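Comments concern the structure below.
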Amino acid sequence: MIFAFDHGFEHGPSDFNDGNLDPRDVVKCAVEAGFDAIMMNKGIAEATADIWAGRVPLILKTTGKTSLRPKEFQFMQYPISSARDAFSLGADGVAGTVYWGAPDEGAMASNFARLVAGCDAMGMPSLILSYPRGPAIKDSRDPDVVAYAARASSELGADIIKTHYTGSVETFRRVVRLASVPVMLSGGVKAEDPRAFFEVVEAVLEAGGAGVVVGRNVFQSGRSVGMGSALMGMVHDGISPGEALKVLDTKQSRQ
Ligand code: FBP
């Protein structure tokens with residue numbers, strides 16, 4: 001269970017409200033929920049280190065793009081930190097995004113390959129945000145496209161893959177088998193109904209998925225600790241979506 005919290009860079013203030021505007025409040029909730037790791041950019045990791053350090057492992061996100069860029073230039077993620085930065089911060093892993101199929105796929109893939117080389121030198125695992133995206137990609141959740149991107153990610157040397165749900169257990173199982181390294185669900189836009197999100201998580205786990213990398217479905221829920229705890233229950237203890245809803249309802253409601 002990895003808490004994704006790089007949205008301040010990727011999406012900006014539109015992802016936040018009064019309750020989650022201060023990253024310190026959000027990181028406190030992630031620690032309280034007991035996530036296995038938090039994925040953040042360097043600056044916010046430094047600013048919140050007194051909260052997470054020694055409690056929850058850090059995965060340093062090393063690539064980014066803002067949504068302020070013109071739309072046609074939003075298909076490229078640039079390196080914004082390094083494996084060395086991760087090491088200096090005491091991180092336990094690094095993450096980077098590749099938009100497979102994008103015009104700049106080559107640059108993103110070779111940047112990720114360099115990241116992997118840096119990680120290998122320091123004995124750190126790498127997580128790839130494997131997202132088919134760009135003018136050539138008609139459907140970024142097309143099972144064949146997601147599977148191709150996942151396999152390309154493992155061929156590149158990624159240790160863990162985070163990608164989109166493909167819509168069914170069967171198609172996601174094919175992604176998992178083809179990748180041959182752990183594949184995790186990418187949370188995505190907050191679901192209207194938490195049960196719907198829990199059902200996707202259940203399907204991913206049934207398909208052999210290794211877990212969930214989730215951001216908005218937690219920190220935009222208004223019940224971050226409850227959502228985090230419910231998802232932890234599903235991934236680690238195999239509780240059902242119905243039981244996860246009970247955990248969500250019984251946990252104290254805050255941020
Ligand atoms: P979510 O669970 O909120 O989707 O977070 C996962 C994530 O990959 C973030 O790490 C990243 O900021 C965001 O989704 C990317 O969103 P988009 O698909 O809009 O680029």
Side-chain angles (χ1 to χ4, degrees), residues 1-17 20 23 26-27 29-30 33 35-45 58-78 80-81 91 93-102 104-105 108 112 126-134 137 139-142 145-146 149-150 153 158 160-166 183-192 194 196-198 200-201 204 209-224 227-228 230-232 234-235:
M1 278 299 309
I2 298 171
F3 182 58
F5 194 43
D6 56 338
H7 304 71
F9 195 98
E10 297 287 324
H11 299 157
S14 61
D15 266 9
F16 305 119
N17 58 37
N20 57 27
V26 178
V27 172
C29 288
F35 276 93
D36 296 314
I38 307 181
M39 181 185 76
M40 285 184 280
N41 287 314
K42 187 178 170 195
I44 296 297
L58 170 69
I59 297 177
L60 185 69
K61 172 94 185 290
T62 64
T63 68
K65 66 108 187 64
T66 74
S67 299
L68 295 171
R69 297 165 68 81
K71 253 205 153 16
E72 65 273 27
F73 295 114
Q74 290 197 15
F75 300 127
M76 171 68 191
Q77 289 253 338
Y78 291 87
I80 54 173
S81 59
V94 299
T97 302
V98 174
Y99 294 145
W100 293 108
D104 289 317
E105 174 198 278
M108 287 178 278
F112 193 85
S126 62
L127 166 72
I128 190 168
L129 285 71
S130 170
Y131 293 166
R133 188 173 297 190
I137 303 293
D139 176 3
S140 60
R141 284 167 171 71
D142 178 323
V145 175
V146 172
S153 297
I160 305 169
I161 296 170
K162 161 189 195 295
T163 196
H164 305 307
Y165 183 51
T166 47
V183 178
M184 302 182 72
L185 170 70
S186 183
V189 176
K190 186 178 91 62
E192 282 301 314
F197 186 62
F198 293 152
V200 170
V201 172
V204 163
V212 185
V213 186
V214 61
R216 287 165 288 183
N217 273 286
V218 169
F219 73 75
Q220 292 179 347
S221 68
R223 297 188 280 182
S224 297
M227 276 301 280
L231 290 165
M232 288 289 288
M234 291 193 74
V235 171

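In this text the structure is predicted, and so the values were computed from the model without any measurement. Counting convention: from 1, in listed order, for ligands and their atoms alike.
- Under the 3.5 Å distance criterion, the side-chain polar atoms of D104 are left unmatched by any main-chain donor or acceptor of M76.
- If you look at L129 next to ligand 1, the close heavy atoms, those under 4.0 Å, all belong to the side chain.
- If you check which protein heavy atom lies closest to atom 2 (O) of ligand 1, you get G215 N, 2.8 Å.
- In terms of protein heavy-atom proximity, atom 5 (O) of ligand 1 is nearest to H7 NE2, 3.1 Å.
- Scored by the ring-ring contact (aromatic ring centres under 6.0 Å, His included) test, Y131 finds H164 as partners (sequence neighbours excluded).
- To the nearest 0.5 Å, atoms OG1 (T62) and CZ (F112) are separated by 7.5 Å.
- Residue contacts with ligand 1 for H11 involve side-chain atoms from C-beta outward but no N, CA, C or O (heavy atoms, distance under 4.0 Å).
- By the criterion of a heavy-atom distance under 4.0 Å, both the backbone and the side chain of R216 are placed next to ligand 1.
- The closest approach between Y131 and ligand 1 falls below 4.0 Å for a heavy atom of the residue.
- Listed for the D36 side chain is a donor-acceptor partner under 3.5 Å among the backbone atoms of M1.
- Considering only heavy atoms from C-beta on, I160 comes within 4.5 Å of M184 through its side chain.
- Residue K162 places a heavy atom less than 4.0 Å from ligand 1.
- Under a cut-off of 6.0 angstrom, the local environment of CD in E72 is crowded, with over 12 non-hydrogen atoms contributed by other residues, nucleotides or ligands.
- Looking from atom 20 (O) of ligand 1 to the surrounding protein, the closest heavy atom is R133 NH1, 3.0 Å.
- Residue D6 has at least one heavy-atom neighbour below 4.0 Å for each of these atoms of ligand 1: 9 (C), 10 (O), 11 (C), 12 (O).
- Each of the following atoms of ligand 1 lies closer than 4.0 Å to a heavy atom of E10: 12 (O).
- In this pair, F3 and F5 present their aromatic rings parallel. The plane angle is below 30°, not in the 30 to 60° band.
- Taking a cut-off of under 4.0 Å to the non-hydrogen atoms of V214, the atoms of ligand 1 that pass are 2 (O).
- Contact annotation: M39 has at least one heavy atom less than 4.0 Å from an atom of ligand 1.
- The ring-ring contact (aromatic ring centres under 6.0 Å, His included) check on F75 picks up nothing, with sequence neighbours excluded.
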